[in-house]
2 protein chains.
Amino acid sequence: MAQVEQRYTRARRALVETLVSAGRPLSIAEILAATPAITQSSTYRNVTALIDAGAVRRVAGTDNHSRFELAEDLSGHHHHLICQTCGHVLDIAASPWLERALAEAARVAEEDTGFSVDDHRVDLVGTCSQCRRDGHR
Amino acid sequence: MAQVEQRYTRARRALVETLVSAGRPLSIAEILAATPAITQSSTYRNVTALIDAGAVRRVAGTDNHSRFELAEDLSGHHHHLICQTCGHVLDIAASPWLERALAEAARVAEEDTGFSVDDHRVDLVGTCSQCRRDGHR
DNA sequence: CTTTCTGCAAACGATTTGCAGCAGC
DNA sequence: GCTGCTGCAAATCGTTTGCAGAAAG
């Protein structure tokens, strides 16, 4: 959390538009490929700035690269489907049934542990059709 | 996946015992603190060896440090409760109700995307009582 | 004995940061 | 014009690896 003293520059506009049109979490490499005019260090600084501003969220995958997506305020609540071979991440819709089960699990966890739970992440992990076709690895 | 040509040395025994007695995912720093006689590089090599052997699993948290826990073959299926302030991770039990909702979500995702789903991760994210007491950050 | 581990220090790769000039407001 | 952003290159930090000696079987 930090300053609201932020400027909505060309680079940041481009970053947000890239995330919007992707509709799935992108790695820094993917963002750079989509915005060739912006350098890597600025991209890192901009995701940080936009995370502080509440517009972007960092998501953890199975590989060592961070990925970034629009905050749920902007994109709506959803879960992820992750390929454990290539690391690609897709958004998937959350069913009300699943959400209810998660809310109940959160209630139980708060009661048992003293945590206050205010979010959840659900990742389905598997292999995308592409990687399955290429033979595992 | 790799060799079974592995020796069950003092260091590996200590690593497994540390994970067993913790009952929750530990970072490399935490493992090192619990096994002062083993160096950092050996610990990294040993978690890798034990992951290859199927005894240990790497888990992604909210911070940049990897954490490690016993494979579910040994510890049973469970989910995680993560403190977004200090990064600590606790194990929590999965309810049958939640598991059923997840299985259904996986079925739908496979149908929609062509992925084959073979695992899932559920993380409840919040703030532990300790961090709440200390005032956020 | 042979093969796999271990410790140490150097190497890596992703991410961060200091600095000087440019751009938003 | 003042303040925040950008590019560049150097620094940082978690993690990996090469090598020579120690330990497992």
Side-chain angles (χ1 to χ4, degrees), chain A residues 1-19 25-69 82 86-89 137, chain B residues 1-19 25-69 82 86-89 137:
Chain A
M1 300 302 138
Q3 76 235 51
V4 190
E5 308 286 83
Q6 284 185 193
R7 291 169 182 172
Y8 198 44
T9 61
R10 199 170 343 99
R12 291 182 188 171
R13 218 178 284 274
L15 174 37
V16 169
E17 277 162 18
T18 299
L19 292 179
L26 298 181
S27 64
I28 290 290
E30 290 172 319
I31 295 170
L32 287 173
T35 57
I38 294 100
T39 57
Q40 185 170 304
S41 61
S42 290
T43 300
Y44 274 109
R45 276 192 274 233
N46 286 334
V47 285
T48 305
L50 290 167
I51 288 170
D52 284 351
V56 168
R57 188 165 76 147
R58 182 186 304 256
V59 319
T62 47
D63 53 15
N64 35 315
H65 312 29
S66 290
R67 285 164 186 273
F68 302 89
E69 67 178 1
I82 304 180
C86 67
H88 265 241
V89 183
R137 181 191 336 174
Chain B
M1 303 301 142
Q3 76 237 48
V4 191
E5 308 286 79
Q6 283 185 192
R7 293 173 181 170
Y8 199 43
T9 60
R10 201 172 339 101
R12 291 183 188 169
R13 220 178 282 274
L15 174 36
V16 169
E17 276 163 20
T18 300
L19 292 178
L26 298 182
S27 64
I28 291 290
E30 290 172 319
I31 295 170
L32 287 173
T35 58
I38 293 99
T39 56
Q40 189 176 55
S41 60
S42 290
T43 300
Y44 275 109
R45 276 192 274 233
N46 286 334
V47 286
T48 305
L50 290 166
I51 288 171
D52 285 350
V56 168
R57 189 165 74 147
R58 182 187 303 256
V59 320
T62 47
D63 52 17
N64 35 313
H65 313 27
S66 291
R67 284 165 185 273
F68 303 89
E69 66 178 1
I82 304 179
C86 68
H88 266 240
V89 183
R137 181 194 336 178

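In what follows, chains carry the letters A, B, and so on, assigned in the order in which the sequence lines appear, proteins first and then strands, with residues in each chain numbered from 1.
Within residues 33-40 of chain A, the residues that have a heavy atom under 4.0 Å from DNA chain C are, in order of number, Gln40(A). Near DNA chain C, defined here as any heavy-atom distance below 4.0 Å, there are no residues from residues 58-69 of chain B.
Contact record, Ala53(B) with Gln6(B): CB-NE2, 3.6 Å, taken as the closest heavy-atom pair. Contact between Leu26(B) and Glu30(B) at its shortest, heavy atoms only, is CA-OE1, 3.2 Å. Closest approach of Thr62(B) to Gly87(B), counting heavy atoms only: OG1-CA, 4.3 Å. Residues Ala11(B) and Ile38(B) share a closest heavy-atom pair of CB-CG1, 3.7 Å. Taking every heavy atom of both residues into account, Ala60(A) and Ile82(A) meet most closely at O-CD1, 4.3 Å.
Between Leu15(B) and Val47(B) the shortest side-chain heavy-atom distance falls below 4.5 Å. Two residues are said to be in side-chain contact when any heavy atoms from C-beta on lie closer than 4.5 Å; Val89(A) and Glu69(A) fail this criterion.
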Heavy-atom protein contacts under 4.0 Å, nucleotides 20-25 of chain C, coded B base, S sugar-phosphate only, - none: ---BBS
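Rounded to whole angstrom, the span from the CG atom of Asp52(A) across to the C1' atom of dT16(C) amounts to 14 Å. Protein atom CZ of Arg12(A) is 11 Å distant from nucleotide atom P of dG7(D), rounded to whole Å. The distance between atom CD1 of Ile28(A) and atom P of dG13(C), rounded to the nearest whole Å, is 18 Å. In this structure, Leu15(A) atom CG and dC5(D) atom P are separated by 13 Å, rounded to whole Å.
Every residue two or more places apart in sequence or in another chain that forms a side chain to side chain donor-acceptor pair (under 3.5 Å) with Arg58(A) is listed here: Ser66(A).
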Please list, pair by pair, any protein nitrogen or oxygen found under 3.5 Å from a nitrogen or oxygen in nucleotides 17-21 of chain D.
| residue | atom | partner | partner atom | Å |
| --- | --- | --- | --- | --- |
| dG18(D) | O6 | Arg45(B) | NH1 | 3.2 |
| dG18(D) | O6 | Arg45(B) | NH2 | 3.2 |

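Each of Thr48(B), Ile28(B), Thr18(B) was compared with Phe68(B) under the side chain to side chain contact (heavy atoms under 4.5 Å, CB included) criterion, and only Ile28(B) meets it.
Distance alone, capped at 3.5 Å, places no donor-acceptor pair between the Arg12(B) side chain and the Asn46(B) backbone.
If one axis is set at each end of the helix from dC1(C)-dG25(D) to dC25(C)-dG1(D) from five pairs, those axes are 40° apart, to 10°.
For the atom pair Arg45(A) CZ and Thr39(A) OG1, the distance stands at 7.5 Å (nearest 0.5 Å). Rounded to the nearest 0.5 angstrom, Ser27(A) OG and Asp63(A) CG are separated by 8.0 Å.
Using a 4.0 Å heavy-atom cutoff across all strands shown, Ala11(A) reaches sugar-phosphate atoms only and no base atom.
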